[in-house]
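One structure is given below, encoded as structure tokens.
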Amino acid sequence: MSSVNLFDQKKVIEHSWKRCHRFGLLPTSPFNDYLLTGKHLQEIMKENKYLIKHTTSILEKLYLSIHTNGFVTVITDRNGTIIHRLGKLDVEESLDYMAIGSNWSEEIKGTNAIGLVIHEKKPIVTHADHHFLVKNHFLTCAASPIYSPIGEFIGAVNISGRKELFHPFMISQANIIAEAVQNRLLLEHTNHEKLLTLKELEHTTNLSTLPLLTLDNEKRIIRANQTARHLLGDDCIGKEFHAKKGYSINVISDRSDKVFRSVVSLHNNSKKCPKDKNLYTTSDIIGSCEKMVWIRKAVNKAALSNYPIIIYGESGTGKELIAQSLHTAGPRKMKPFIALNCSAIPENLIESELFGYERGAFTGANREGAPGKFEAADGGTIFLDEISDMSKKAQAALLRVLQEKTVTRIGGDKVRPVDSRIIAATNKNLREEVQAGRFREDLYYRLKGIFITLPPLRNRTDIIELAEHLIKKLDNPSIRLSEEAKQRLISYHWPGNIRELNSILMQASFFAEGNEIKGEDLQFEDEYERLTIGNELNGDTALSLQLTEKETILKALHSVEWNISKAANILKISRNTLYLKIKKYHLK
């Protein structure tokens, strides 16, 4: 709960005063000192016994910090009746302000902090002449609402003193007390439900990837996992649920068989799961490199949010793998994953690709019409690959969808709402593209929620681990790398990244004799180019190239006092490659 600014409450106070006039109150009305007593008060105290119980222990601990300067702290029920009090106001009058059993709703006491909390359901401060009744102008009050474990408003905590004692800390203290009471109530509620919760877990453990609900004995939804909330709406808690044919329902109860719950799986067994079994998952993100460990952790966390994501990385680093893993690890995994290569869409077809079209919308169109990519991805994820290569016209069309979250097919007039998780990928710096005028700034900020940057393969420390994983997926999974082959893989600079690694391993496994890939089996395209060029050059030229490389490496090492990491960064090669070059040229 945040602190409250007195000036921000002007409209709240004004509306309260208008209500007081409608109630028939006047600022000069006499103070209503009617108290509930006897049987009526006992009923209210019994109804709120748990609230009183936990409030008492908390206020006793805070007594010295609150009540040394003439403050009084009270707890009210949901209707504004004071059910517990600690401290006493410093007043000369004989009237016992804020006595147990008195009611401080707006209808009885006019504008005051307790009455406003009941109406506004948020922390409130009423200071001096904010109070409707003149008799209360000497007061300064701060109140905060208290909620039950299931989110019901059940009362309020209020701290009051003379207006001269006002301090902003009053509202913070009221918030702290309210939250402490709520935490205690939640803990007690949890203990009561522990047995039921354990039984629920027995039924839900094996179904945790599915949309799940828990219903009470009146078929109201009391719990829903994230996947279920996505299907039914975030406001589904508390609503009555009517099960459809094909849903899995398990009924559990406590030992008395008087309290029971129903665990419902919204996965309809009669329908085929729409999840594409061929999509990548986070288990496909291979590698122990520190950067890849961070990326796996980031993907698992980002998958549970609905923020847009930009994936940066050179060609071949695995941007689509990350995009699919974000989809399959999140609550939308049961919905479609639609990939769109933004650089491959002709400008004259961009709107039909994104929005779809109705029958007969243009010459050559499908006779029945067709949905666009956003419509196809509704409820799921749309992956915008090579987003930086999208034309300006396409960017404008995409921005319209992201802003309005609706599409209208070409040739139609029906507005269709769409709800898709947006994941974009690029091998360029989008911020630099914006500054160069090639990418719309407003679209950039629509797409920029979370960004994940994939390292190039040459900067990874787990190349051999990744290579051995890729080899297992080839036709000859029993084949292995020789030590010489491993050294060659480590020393290569990998301009094509993981895609090139997979291609080279595929060819090497084909040419390898036996079950071992030797160094000569690895054929790098740029090495072939260098050999071709080298044959055209004389020996002196080749020698001068080696000397130039040696001198360049020495110069880089000396400039950073032989810090290998910094030198490798300057030379744009991996640390392993640099070590091999140092060994090759006998550098010291």
Fill in: Those residues that, when tested against A339, pass side chain to side chain contact (heavy atoms under 4.5 Å, CB included) (two or more places apart)
E320, F337, F383
Discussion item. Does K405 have more than 12 heavy atoms from other residues, nucleotides or ligands lying within 6.0 Å of its NZ?
Written reply: no
Worksheet entry | Heavy-atom pair of closest approach, residues I382 and S420 | CG2-CB, 4.2 Å
Fill in: Considering all heavy atoms, the nearest A128-K163 contact
CB-CD, 3.9 Å
Discussion item. I'd like to check the salt bridge (charged side-chain N to carboxylate O under 4.0 Å, His left out) partners of R400; sequence neighbours left out, ordered by chain and number.
Written reply: E351
Item to complete: Determine whether L89 and L139 make a side-chain contact, defined as any pair of heavy atoms from C-beta on separated by less than 4.5 Å.
Response: yes
Worksheet item: Once you round to the nearest 0.5 Å, how far does OG1 of T140 lie from CE of M170?
Response: 4.5 Å
Response to the item:
Residue pairs meeting salt bridge (charged side-chain N to carboxylate O under 4.0 Å, His left out), one or both in residues 101-115, sequence neighbours left out, come to R19-E106
Discussion item. Does any part of the side chain of I114, heavy atoms only, come nearer than 4.5 Å to the side chain of V74, both counted from C-beta?
Written reply: yes
Worksheet item: When you check the side-chain N and O atoms of S144 and N175, is any donor under 3.5 Å from an acceptor?
Response: yes
Worksheet item: Does the ring center of F132 lie less than 6.0 Å from the ring center of F23?
Response: no
Discussion item. With side chain to side chain contact (heavy atoms under 4.5 Å, CB included) as the criterion, how do L354 and V407 come out once you've worked through the C-alpha distance, each side chain's angles and the decisive distance to 0.1 Å?
Written reply: CA-CA 8 Å; L354 293 179; V407 296; over 6 Å; no
Worksheet item: Once the angle between the rings of F451 and Y312 is folded into 0 to 90°, is it parallel (under 30°), tilted (30 to 60°) or perpendicular (over 60°)?
Response: perpendicular
Discussion item. Would you compute the distance between atom CD1 of I422 and atom CG of L402 and round it to the nearest 0.5 angstrom?
Written reply: 5.0 Å
Fill in: Residue pair N103 / S105, side-chain donor-acceptor N/O under 3.5 Å
yes
Worksheet, complete the sentence: Note: M98 and C141 closest approach over all heavy atoms is CE-SG, 4.3 Å
Would you mind writing out the side-chain donor-acceptor pairs for residues 149-161 within the sub-3.5 Å range, not counting sequence neighbours?
{"unit_1": "N158", "atom_1": "ND2", "unit_2": "S160", "atom_2": "OG", "d": "2.7"}

Worksheet item: Any side-chain hydrogen bond (donor to acceptor under 3.5 Å, both in side chains) pairs touching residues 289-303, not counting sequence neighbours?
Response: none
List the atom pairs, with distances to 0.1 Å, where a side-chain N or O of residues 441-448 and a protein N or O form a donor-acceptor pair under 3.5 Å, not counting sequence neighbours.
{"unit_1": "D442", "atom_1": "OD1", "unit_2": "R440", "atom_2": "NE", "d": "3.1"}
{"unit_1": "D442", "atom_1": "OD2", "unit_2": "R440", "atom_2": "NH2", "d": "2.9"}
{"unit_1": "Y445", "atom_1": "OH", "unit_2": "R431", "atom_2": "NH1", "d": "3.3"}

Discussion item. The criterion is side chain to side chain contact (heavy atoms under 4.5 Å, CB included); which residues satisfy it with E164, sequence neighbours excluded?
Written reply: R162
Discussion item. Evaluate I13 against L116 for side chain to side chain contact (heavy atoms under 4.5 Å, CB included), listing each step before the verdict.
Written reply: CA-CA 8 Å; I13 300 296; L116 278 171; 3.7 Å; yes
Worksheet item: Near H21 NE2, under 6.0 Å, is it more than 12 heavy atoms from other residues, nucleotides or ligands?
Response: yes
Worksheet item: Looking at S305 and I450, what are the two nearest heavy atoms and their distance?
Response: OG-CD1, 4.0 Å
Worksheet item: What residues form a side chain to side chain contact (heavy atoms under 4.5 Å, CB included) with S57, not counting sequence neighbours?
Response: R184
Worksheet, complete the sentence: salt bridge (charged side-chain N to carboxylate O under 4.0 Å, His left out) filter on D235, not counting sequence neighbours, yields K239
Worksheet item: Going by heavy atoms in the side chains, are L326 and T381 under 4.5 Å from each other?
Response: no
Worksheet entry | T81 side-chain N/O to D77 backbone N/O, donor-acceptor pair under 3.5 Å | no
Worksheet item: Residues two or more places apart in sequence or in another chain: which of them pass side chain to side chain contact (heavy atoms under 4.5 Å, CB included) with L133?
Response: S29, N136
Fill in: salt bridge (charged side-chain N to carboxylate O under 4.0 Å, His left out) partners for K53, two or more places apart
E188
Discussion item. The criterion is salt bridge (charged side-chain N to carboxylate O under 4.0 Å, His left out); which residues satisfy it with D419, sequence neighbours excluded?
Written reply: R332
Practice prompt. Please report the closest heavy-atom contact between L321 and D284, naming both atoms and the distance.
Written response: CD1-O, 3.6 Å
Discussion item. Are I322 and I423 packed together at the side-chain level, in the sense that at least one heavy-atom pair is separated by less than 4.5 angstrom?
Written reply: no
